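Here the structure comes first, spelled out in structure tokens, and everything after it is commentary.
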Amino acid sequence: MANEYGGDQIQILEGLEAVRKRPGMYIGSTSARGLHHLVYEIVDNAVDEALAGFCDTIQVFINQDNSITVIDNGRGIPVDINHKSGLPAVTVVFTILHAGGKFGGGGYKVSGGLHGVGASVVNALSNWLVVRICRDGKVYEQRYERGKVVKELEVVGECDKEQTGTKVTFMPDDTIFEETVFDYDTLKQRLREMAFLTKNLKIVLTDLRNEEPVEKVFHYAGGIKEFVTYLNRSKTPLYEDILYFEGKRDNVYVEVAMQHNDSYNESVFSFVNNITTPEGGTHLTGYRNAITKTFNDYARNNKLLKDSEPNLSGDDIREGLTAIISVKIENPQFEGQTKQKLGNSEARAAVDSIVSEQLTYFLEQNPIVAKAICEKSILAQRAREAARKARDLTRRKTALEGMALPGKLADGSDKDPK
Ligand code: 2B7
């Protein structure tokens, strides 16, 4: 997809046919994974509305016929006529493969996934889709089939003036998807993650396919802090606090939450615009640099590490550490084979400086926690050193034995090795 679109203008890039011909290009695949991705794209738009500060609840229903309904209590997608196309704004959102839509008054600068083209992609890949909008005391509705308008936007009722929002129901196209049955647990997993990543946002998932509806509410006032608590739920934390750092630098919004447990595994998850980055990238590098340097400085300044002792390694400090690194950035550049690794250098600098500064302050304010972490890291360092020595010793021993062997054989077979 082109990246050359400029400013606030929505540019028509391709028709919906392009999406139907090459669905994989837009949603990754037509397997169960791609199917579930349709839901995330629609929910993403509602999450953007929440990030803009206008929506606090998103409901997701798996309907009896395996269609999906998403409802938000945001401002409602604008319905006024878009000058460029002569179409209602909502029609543009659902039928034109526009790029990075910022129309309707901004607030959509931070966008993950398909950068605002999600709605039209989902529409193109659905047998039918119905959007209902509450705005200005009216209920508007439009219906599409395989991406095309089949019912013009019309007012179908009234609502309270203060009551605004968007409701989208869609049925995935069974001629495109190999799998059209939604998996409750798959949706549950991702929606929970989205709720953790957007503090205070309430996401409700309801499965209406059973006799008794199954419902799950995700609502975390603490956001990624609660994510860390959740990840450490079956472990023993080394201390009570969840370390939490937040700030904005160079237009990069940074949030980090972390807590050590008594295990030996590092468990770090990084995100860019609410999307997971399994291969890490600059944001993760910035975080690692910051904690390695800050803990070493603290340990030295407080004589927890003697002058004669070597620095703690990053691995020593991150042993048993559970952490979430979440950044929001306007133009994320993804690199690597699978394009899942963040490349923006300003993200490294932003995470490094925010974590260094706030972690230094936290350690000064919380000497008991600081000491516990340093002591665990020093133990990890000693264990690592002991393991290295044992390995070296074994190697030397086997090397010696190995060397002795030909000599011995030679001894027994021939008096003169030559
Ligand atoms: C980039 C496009 C997709 N949009 C708006 C405004 C509100 C809004 C949306 C949405 C999914 C299912 C329920 C802006 C943004 C279009 O422009 S999309 N809410 N919710 C959504 O899609 N939910 C908006 C400025 C003023 N008023 C409304």
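Note that ligands are numbered from 1 as they come in the structure, with each ligand's atoms numbered from 1 the same way. These numbers were taken from a predicted model, which means no experiment stands behind them.
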**Prompt:** Should Gln142 and Tyr144 be marked as a side-chain hydrogen bond (donor to acceptor under 3.5 Å, both in side chains) after you check the CA-CA gap, both sets of side-chain angles, and the distance that decides it?
**Reply:** CA-CA 7 Å; Gln142 186 162 47; Tyr144 317 84; 2.6 Å; yes
Could you work out, for [atom], the closest of [options] by heavy-atom distance?
atom: atom 20 (N) of ligand 1; options: Asn45, Asp72, Val47, Val79; value: Asp72
atom: atom 12 (C) of ligand 1; options: Ile42, Val39, Thr164; value: Ile42
atom: atom 14 (C) of ligand 1; options: Arg75, Arg135, Lys167; value: Arg75

**Asked** What atoms in ligand 1 come closer than 4.0 Å to a heavy atom of Val168?
**Response** 12 (C)
**Request:** Below 4.0 angstrom from a heavy atom of Val70, which ligand 1 atoms are there? Numbered from 1 as shown, please.
**Result:** 12 (C), 13 (C)
**Message:** Tell me whether ligand 1 is touched by Ala119 - counting only heavy atoms on the residue side and a distance under 4.0 Å.
**Reply:** no
**Prompt:** Does ligand 1 have an atom that lies less than 4.0 angstrom from a heavy atom of Ala89?
**Reply:** no
**Request:** State whether the number of non-hydrogen atoms from other residues, nucleotides or ligands found under 6.0 Å of Leu393 atom CG is greater than 12.
**Result:** yes
**Asked** Does NZ or CZ of Lys225 lie under 6.0 Å from the centre of the six-membered ring of Tyr244, at an angle within 45° of the ring axis?
**Response** yes
**Prompt:** Under the side chain to side chain donor-acceptor pair (under 3.5 Å) test, which residues partner Ser67, sequence neighbours left out?
**Reply:** Asn63, Asp65
**Prompt:** Does ligand 1 have a heavy atom under 4.0 Å from the side chain of Arg132, from its backbone, from both, or from neither?
**Reply:** neither
**Request:** Using the test salt bridge (Lys or Arg N to Asp or Glu O under 4.0 Å), find all partners of Glu346 that sit at least two apart in sequence or belong to another chain.
**Result:** none
**Item:** Electrostatic pair Glu255-Lys199, nearest N-O below 4.0 angstrom
**Value:** yes
